[in-house]
Protein chains: 2
Amino acid sequence: MNQDIIDDYQSEAEIFKSLAHPTRLFIVHAIHDKKLSVKELTEMIGVDISTVSKHLDILKRHKIIVGEKHKNNVFYTLNIPCVLDFMSCANRILNKS
Amino acid sequence: MNQDIIDDYQSEAEIFKSLAHPTRLFIVHAIHDKKLSVKELTEMIGVDISTVSKHLDILKRHKIIVGEKHKNNVFYTLNIPCVLDFMSCANRILNKS
DNA sequence: ATGCTATTTGGTAGAATAGCCAAATAGCTT
DNA sequence: AAGCTATTTGGCTATTCTACCAAATAGCAT
């Protein structure tokens, strides 16, 4: 593997990778218009809360979302609106078949 | 895992997944303004041609790119310009730290 | 401080991914 | 047909990812 290409595109690929999971896409949509806590998201998604926390951590580390703590809840918000634009784009791809 | 969420977002996640690799992002950029064959891309990337062929297959199956055959070469073109828009968006994320 | 709720972290097993090599296929061109 | 080039496919390992459970941490509230 050519190391230069890796260097150039690795961090960009990380962004895509962080979105490349149904649960994480659901989260992005869900917090688009409403701040939600880990617990609330967990109830909506229906997997173990530790799994949800790890998904949130991935999105947070890549700055897709931002968390703010109130009492002992962490509420998450979407940091990158253009993600949703690309999701519309992706859906156009899917539907134009 | 809640099956409904999987069903709703799985295919969308596939799009992101297909772009979540440095080599595939390189390909998307490289064929943006110029049709390129598997062999040409392989020379630019520097991995085994079978690896490149598999990357191209992933992008093709998700309709990110389109291949057309001339003689015994297959030339690839970008099918989804909005991918590049999102890549700009991704880079804004990266640089705003 | 003790409990109570929310969140994160560590560990682990199973699935998926990406690379290489080798072999198969496709399709010109003699 | 036989040779040549380009591409794809199969098989195999090594690595990465994801889900669960259990345990640790954080922080309010009694």
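Throughout, protein chains are lettered first and strands after them, A, B, ... in sequence-line order, and every chain is numbered starting at 1.
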In whole angstroms, the gap separating P of D:dC17 from NE2 of A:His62 amounts to 10 Å
Counting only N and O atoms by type, is there a donor-acceptor contact under 3.5 Å from the side chain of B:Thr42 to the main-chain atoms of B:Val38? yes
Nucleotide D:dT7, atom C1' - distance to CD1 of B:Ile58 in whole Å: 16 Å
Is it true that a side-chain atom of A:His21 and a backbone atom of A:Thr23 form a donor plus acceptor pair closer than 3.5 Å? yes
Select one nucleotide: of C:dT7, C:dG19, D:dA19, the one nearest the side-chain heavy atoms of A:Ser37. C:dT7
Any A:His55 side-chain N or O less than 4.0 Å from OP1/OP2 of D:dC17: no
Using whole Å, what does the distance between atom P of nucleotide D:dT18 and atom CZ of A:Phe26 come to? 17 Å
Is any side-chain N or O of A:Lys39 closer than 4.0 Å to OP1 or OP2 of C:dT8? no
Looking for any heavy atom pair under 4.0 Å, which part of the strands does A:Ile49 touch: base, sugar-phosphate only, or nothing? base
Just how far, in rounded Å, is P of C:dT5 from CD of A:Glu40? 16 Å
Figure out the CG/C1' separation between A:Leu41 and C:dT8, and round it to whole Å. 15 Å
Contact class for B:Phe75 (heavy atom, under 4.0 Å): base, sugar-phosphate, or nothing? nothing
According to a strict under-4.0 Å criterion, is A:Lys17 in side-chain N/O contact with OP1 or OP2 of D:dC17? yes
Who pairs with B:Lys35 by salt bridge (charged side-chain N to carboxylate O under 4.0 Å, His left out), at least two apart in sequence or on another chain? B:Glu68
Side chain to side chain, A:Val83 and A:Met87, heavy atoms closer than 4.5 Å: yes
Protein-nucleotide distance (A:Phe16, atom CZ; D:dT16, atom P), rounded to Å: 21 Å
What string of B, S and - do you get for nucleotides 21-30 of chain D 5' to 3' if you count protein non-hydrogen atoms under 4.0 Å? BB---SBSS-
Between B:Asn73 and B:Ser37 (side chain of the first, backbone of the second, donor and acceptor by atom type, cut-off under 3.5 Å), is there such a pair? no
Any donor-acceptor pair under 3.5 Å from B:His32 side chain to B:Val28 backbone: no
Per atom distances to the B:His21 side chain, the nearest of D:dT9, C:dT9, C:dG19 is C:dG19
How long is the line joining CG of B:Asn73 and C1' of C:dG27, in whole Å? 10 Å
Spacing of A:Leu36 atom CG relative to C:dA6 atom P, expressed in whole Å: 14 Å
Should A:Arg24 and B:Tyr9 count as side-chain neighbours, where that means a heavy-atom distance under 4.5 Å? no
